[in-house]
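Worksheet for the structure shown next.
Naming convention: chains lettered A, B, ... in sequence-line order (proteins, then strands); numbering from 1 in each chain. Just so it is clear, the structure is predicted and the values come from calculations on it, not from any experiment.
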Amino acid sequence: MLDIRRIRAEPEAVKAALARRGHDTSAIDEVVELDRSQRSTAEQRDLVRRDISNLSKQVGQLRRSGSAAESDELMARSRALGDDERTLTARADDLATEVREHLLRIANTPAPECPDGADEHANVVLRVENFDPDSYAPHQRVPHWEIGEALGILDVERGAKMSGSMFVLYRRKGAALVRALVQYALDRNADSYEEIRPPTLVRTDTMIATGHLPKFADDAYYLERDDLWAIPTAEVPLTSLARDEILDESVLPMRLMAHTSCFRREAGSAGRDTRGLLRVHEFDKVEILAYTTPEQASAAHDDILGRAEALIRDLGLAYRIVDICTGDLGSSSARTWDIEVYAPGADRWLEVSSCSWFADYQARRANIRYRPAGQKGTQLVNTLNGSALAVPRVWAALVETYRQPDGTIALPDVLAPYLRGDAIIPTA
RNA sequence: GGAGGGAUGGCAGAGCGGACGAAUGCGACGGUCUUGAAAACCGUUGAGCCUCCGGGCUCCGGGGGUUCGAAUCCCCCUCCCUCCGCCA
């Protein structure tokens with residue numbers, strides 16, 4: 001969430017920044033007003049509390065020195081203040097809750113460099129790599145759902161039978177390829193990212209910390225009986241790893257990575273991209289994430305993008321880097337770069353990575369701070385993360401790109417060690 | 001799932017309802033001493049909010065309650081530990 005003091009100090013600047021996203025800014029005016037009453041109510045409450053506390057101290061002293069009549073009188077006066085205190089406290093608490101509820105629903109302000117635009121059409125393609133639309137042969141122009149079925153490596157029908165549409169089942173070398181991609185991504189980042197294997201079911205607070213709740217509850221799977229949420233990305237547990245903690249500056253930047261299943265209801269996109277692996281409810285992903293000081297954030301953002309890009313590049317896929325515009329930016333993010341991979345069979349660009357800088361927006365929700373060396377006090381960290389590798393769409397692009405004239409698939413050699421030495425997927 | 005024990009500052013660990021934001025130890029930081037370091041000694045050392053910058057308020061796992069006054073008493077919840085049961 002945003003800093004209430006910043007909103008208080010420069011409401012117009014914050015409104016202007018949110019307007020770049022196309023968001024309604026009336027919530028800012030409301031929160032400013034609520035905050036004003038909250039503070040004045042809290043101040044009145046504090047004054048009453050001070051009086052009660054002073055009277056109580058005197059009562060204690062009088063009791064020891066034995067003036068019962070005097071202490072009885074002070075007790076009566078203090079008791080009378082109790083009602084005021086309760087009323088003011090209740091009012092101040094209600095207002096504080098309202099302020100927080102507003103703040104939790106206000107998006108992050110986009111970075112100044114973020115391109116302006118209303119929706120994804122205004123995203124800016126920064127670079128296109130390894131792509132020549134005329135270089136694809138007819139045997140590569142077959143969509144992966146057809147290839148997958150023909151080779152017996154992707155079973156959409158059985159997936160739907162056991163779990164419903166948009167749940168898929170990988171088989172044989174298709175399943176091995178999932179595992180191979182996961183391990184490839186983990187191994188390539190093990191030099192500076194600590195591997196974590198977090199829970200995939202988390203509490204509500206954990207979902208709030210990253211900004212996935214309260215606003216986007218419909219997008220997540222929820223287990224009512226146990227009050228737990230299925231994570232949509234490993235970003236969720238990894239961001240809560242340091243929740244409510246004060247880190248030593250020497251541990252920053254703190255880099256983490258995790259392979260998890262990710263669960264998405266895709267409530268808003270029913271009927272869209274339903275073929276094959278374009279959009280599925282459950283998928284594997286390797287996420288990389290960093291906690292940094294504000295000064296380290298920019299370099300960490302470059303590092304995350306660079307690592308995600310290197311994985312795709314070394315798989316030999318065609319891809320492009322996209323600068324997400326203000327209208328398409330995720331609500332917690334200040335700046336996001338996507339990597340999209342070209343799938344020649346589906347003939348589409350598929351988003352396979354999203355590398356985001358959240359500034360201190362998530363850190364404030366999650367209360368993650370550090371002690372700047374040599375200074376007293378604490379400061380909020382910055383958080384950043386990116387998908388190192390999201391399996392299904394990369395799987396799809398690989399299978400389509402590397403399909404041979406004879407229908408087999410010759411995967412890139414970098415994956416061979418993870419496929420028991422054999423990067424060929426034979427015809428069934 | 002059943003029975004019992006616990007949760008206090010960076011860590012360890014005290015804390016008869018009033019002088020407790022909290023003893024003590026360790027750690028960390030600053031200083032003295034030393035060629036330098038160690039040891040010793042002295043001092044400092046939780047977080048947050050508001051402020052008319054004088055100060056005020058909150059926080060002892062979380063939430064309610066009793067009281068003039070709660071770390072301390074009562075109730076509920078969460079988590080941790082021990083034992084039993086079940087189990088990959």
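Going from the C1' atom of B/C33 to that of B/A38 covers 12 Å, rounded to whole Å. Rounded to whole Å, the separation between the C1' atoms of B/U82 and B/G65 comes to 31 Å. Rounded to whole Å, the separation between the C1' atoms of B/A70 and B/G64 comes to 14 Å. Rounded to whole Å, the separation between the C1' atoms of B/G4 and B/G85 comes to 15 Å. The separation of B/U24 from B/G62, taken at their P atoms, amounts to 25 Å, rounded to a whole angstrom. Nucleotides B/U78 and B/A23, compared at atom P, are 33 Å apart to the nearest Å. Rounded to a whole angstrom, the distance from the C1' atom of B/C52 to that of B/A47 is 26 Å. With both ends at atom P, the span from B/G36 to B/G31 equals 13 Å, rounded to whole Å.
The listed nucleotides are B/A47, B/C50, B/C57; the one nearest the side chain of A/D46 is B/C57. Listed nucleotides: B/A47, B/U58, B/C68. Nearest to the side chain of A/R49: B/U58. Distance from the side chain of A/R369 is smallest for B/G48 among the nucleotides B/G48, B/C57, B/G69. The side chain of A/R371 approaches B/G10 more closely than any other nucleotide in the set B/C57, B/C68, B/G10. Side-chain proximity of A/R5 to the nucleotides B/C50, B/C68, B/U58 is greatest for B/C50. Distances were taken from every side-chain heavy atom of A/R203 (C-beta onward) to each of B/A47, B/G69, B/C79; the shortest belongs to B/C79. Residue A/E43 has its side chain nearest to B/C52 when only B/G18, B/U58, B/C52 are considered.
For A/R77 and A/D51, the salt-bridge test fails: no basic side-chain N is under 4.0 Å from an acidic carboxylate O. Here A/D84 does not pair with A/R45 in a salt bridge; the nearest charged N to carboxylate O distance is not below 4.0 Å.
If you check every strand for non-hydrogen atoms under 4.0 Å, A/R77 touches nothing. Within 4.0 Å (heavy atoms only), A/S71 reaches no atom of the nucleic acid at all.
B/C79 and B/G6 make up a base pair, with Watson-Crick or G-U wobble contacts both under 3.5 Å. Nucleotide B/C73 is matched to B/G65 when pairs are restricted to Watson-Crick or G-U wobble geometry with both distances under 3.5 angstrom. The base-pairing partner of B/C41, taking Watson-Crick or G-U wobble contacts with both distances under 3.5 Å, is B/G31. As the counterpart of B/U58, B/A47 is assigned, both hydrogen-bonding distances of the Watson-Crick or G-U wobble pattern falling under 3.5 Å.
Distance CG (A/D93) to P (B/G64): 8 Å, rounded to an integer number of Å. Remark: P of B/G9 and CG of A/D244 are 14 Å apart, rounded to the nearest angstrom. In this structure, A/D205 places its CG atom 14 Å from C1' of B/G63, rounding to the nearest Å. The CD1-P distance, from A/I52 to B/G18, rounds to 19 Å in whole Å. Between the CG atom of A/D35 and the P atom of B/U51 there is a distance of 9 Å, given to the nearest Å. The CD1 atom of A/I4 sits 13 Å away from the C1' atom of B/C50 (whole-angstrom rounding). As a whole-Å value, the separation of A/D51 CG from B/G55 C1' is 14 Å. Taking atom CD of residue A/Q44 and atom C1' of nucleotide B/C52, one finds them 15 Å apart after rounding to whole Å.
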- Decide side-chain hydrogen bond (donor to acceptor under 3.5 Å, both in side chains) for A/T239 and A/E235; before the verdict, give the C-alpha distance in whole Å, the side-chain angles of both, and the deciding distance to 0.1 Å. CA-CA 6 Å; A/T239 301; A/E235 166 191 347; 5.0 Å; no
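Between A/T378 and B/G48 there is a side-chain N or O to OP1 or OP2 distance below 4.0 Å.
Note: A/Y221 and A/H281 have perpendicular aromatic rings, judged against thresholds of 30 and 60 degrees for the angle between ring planes. The aromatic rings of A/W395 and A/H144 lie perpendicular to each other, with more than 60° between the two planes, well past the 30° mark.
In this structure, B/G64 shows a glycosidic angle more than 90 degrees from zero, which is the anti conformation.
Each of A/R45 and A/M75 was assigned the nucleotide of RNA chain B with the nearest heavy atom; the assignment lying further toward the 5' end belongs to A/R45. Where A/N54 and A/K57 each meet RNA chain B at their nearest nucleotide, the meeting point lying more 5' is that of A/K57.
Checking side-chain atoms of A/R307 against main-chain N and O of A/A185 turns up no donor-acceptor pair under 3.5 Å.
If you check the side chains of A/S333 and A/T336, you find a donor sitting under 3.5 Å from an acceptor.
The neighbour count for A/R100 CZ, taken as heavy atoms of other residues, nucleotides or ligands under 6.0 Å away, does not exceed 12.
At a cut-off of 3.5 angstrom, the base of B/G56 holds no donor-acceptor pair with the side chain of A/R50.
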